[in-house]
Amino acid sequence: MRGDFVVLRPTGSEDAPALAAIRATPEVRARWRGAEDLRAEVLAGLDDPDTRCLTVEYGHRIVGMIQWYAEEDAEYRHAGIDLFLDPAVHGRGLGTDAVRTLARHLVDDHGFHRLVIDPAADNAAAIRCYAKVGFRPVGVMRQYERGADGTWHDGLLMDLLAAELVR
């Protein structure tokens, strides 16, 4: 899939070293955490049948990963997105482009009417990024995830309806 700036392609095992290096940066590790062996963790994630992983490329260089999952129960059908990018490319609009590109694919090609994303409540940059695509805050999920420091931190549930997607 091609965005304005990025290319999203299925993640393969050959991408694991580059993705593990990005996950190891302090900025990404603070949000995504992970085991000691991040390469093995990336590879294990590729085997999860419920998550589709896409490598984010910019200028023929791996700069991150975006993944999605589907809730297929007809009563609650929707898709969820998660993303990490190399801090070296933050602030260039690549996250917005990656999320928008995947959101278009999920709405147009898979027929999802609703998408969700759940950044940490204190991750202002991510929240701004997702809002540019059309995601809106639904509410704060109190003590949603345990941080690296062992304490619980709030998350922000955001969603987007197909008609709200900023193309």
Side-chain angles (χ1 to χ4, degrees), residues 1-34 38-39 41-43 45-46 51-69 78-110 112 114-138 140-141 144-145 147-148 153-167:
M1 288 175 267
R2 292 195 173 278
D4 291 335
F5 306 110
V6 300
V7 172
L8 309 181
R9 61 167 177 76
T11 301
S13 59
E14 67 280 3
D15 300 323
L19 294 172
I22 295 167
R23 289 267 313 268
T25 62
E27 298 91 336
V28 176
R29 193 161 183 107
R31 301 290 183 187
W32 277 68
R33 296 179 307 284
L38 290 173
R39 183 179 176 282
E41 192 166 302
V42 168
L43 289 170
L46 299 180
T51 303
R52 285 78 162 193
C53 299
L54 300 167
T55 294
V56 181
E57 289 185 340
Y58 173 66
H60 303 287
R61 181 177 147 236
I62 294 173
V63 295
M65 188 176 78
I66 190 166
Q67 60 188 29
W68 67 278
Y69 68 89
H78 69 278
I81 298 174
D82 211 347
L83 163 78
F84 67 83
L85 287 180
D86 186 336
V89 299
H90 285 182
R92 299 183 190 182
L94 303 184
T96 300
D97 191 38
V99 172
R100 179 178 287 124
T101 301
L102 180 54
R104 277 195 312 252
H105 172 69
L106 294 172
V107 168
D108 296 346
D109 301 331
H110 290 275
F112 287 102
R114 179 173 172 266
L115 307 176
V116 298
I117 200 160
D118 58 355
D122 67 351
N123 192 343
I127 293 165
R128 281 192 308 275
C129 167
Y130 307 149
K132 289 176 187 174
V133 178
F135 281 88
R136 298 181 183 180
V138 174
V140 173
M141 299 178 290
Y144 177 62
E145 64 183 346
H153 301 270
D154 294 346
L156 179 66
L157 178 61
M158 301 178 79
D159 73 0
L160 173 143
L161 300 179
E164 298 167 344
L165 175 57
V166 177
R167 293 177 179 270

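Throughout, residue positions are numbered sequentially from 1 according to the sequence presented.
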Heavy-atom check, side chain of [X] versus side chain of [Y], under 4.5 Å:
X: Ile66; Y: Val99; answer: yes
X: Asn123; Y: Arg31; answer: yes
X: Leu54; Y: Gln67; answer: no
X: Arg33; Y: Glu145; answer: yes
X: Val116; Y: Ile81; answer: no
X: Pro87; Y: Val28; answer: yes
X: Leu19; Y: Thr55; answer: yes
X: Leu85; Y: His90; answer: yes

**OP:** Could you tell me whether Arg167 and Asp108 have a side-chain N and a carboxylate O separated by less than 4.0 Å?
**Re:**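 Yes, this pair counts.
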Original post:
In terms of side-chain geometry, is the basic nitrogen of Arg23 or Asp86 positioned less than 4.0 Å from the acidic oxygen of its partner?
Top reply: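 Salt bridge flag = no for Asp86 with Arg23.
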Locate the shortest heavy-atom distance separating [X] from [Y]; write the atom from each residue and the value.
X: Pro10; Y: Asp15; answer: O-OD2, 4.1 Å
X: Ala79; Y: Phe112; answer: N-CD2, 3.7 Å
X: Leu115; Y: Phe135; answer: O-CE2, 3.7 Å
X: Ala131; Y: Met158; answer: N-CE, 4.3 Å
X: His78; Y: Tyr69; answer: NE2-OH, 4.1 Å
X: Gly3; Y: Arg104; answer: CA-NH2, 4.3 Å

Supply the atom-to-atom distance [X] [atom1] to [Y] [atom2], rounded to the nearest 0.5 angstrom.
X: Met141; Y: Asp154; atom1: CE; atom2: CG; result: 9.0 Å
X: Asp97; Y: Lys132; atom1: CG; atom2: NZ; result: 11.5 Å
X: Cys53; Y: Trp68; atom1: SG; atom2: CH2; result: 11.0 Å
X: Leu160; Y: Tyr130; atom1: CG; atom2: OH; result: 13.0 Å
X: Asp122; Y: Leu156; atom1: CG; atom2: CG; result: 10.5 Å
X: Leu157; Y: Asp159; atom1: CG; atom2: CG; result: 6.5 Å

**OP:** Output, in order, the C-alpha distance, side-chain angles, deciding distance and verdict of side chain to side chain contact (heavy atoms under 4.5 Å, CB included) for Arg39 and Leu43.
**Re:** CA-CA 6 Å; Arg39 183 179 176 282; Leu43 289 170; 3.4 Å; yes
**OP:** With side chain to side chain contact (heavy atoms under 4.5 Å, CB included) as the test, would you mind laying out the steps for Val56 and Leu8 before giving the verdict?
**Re:** CA-CA 5 Å; Val56 181; Leu8 309 181; 3.7 Å; yes
Original post:
Step by step, would you call Leu83 with Met65 a side chain to side chain contact (heavy atoms under 4.5 Å, CB included)?
Top reply: CA-CA 6 Å; Leu83 163 78; Met65 188 176 78; over 6 Å; no
Original post:
Between the main-chain N or O of His110 and the side-chain N or O of His105, is there a donor-acceptor pair closer than 3.5 Å?
Top reply: no
Original post:
Can you check side chain to side chain contact (heavy atoms under 4.5 Å, CB included) on Trp32 and Asp82, steps first, answer last?
Top reply: CA-CA 10 Å; Trp32 277 68; Asp82 211 347; 3.7 Å; yes
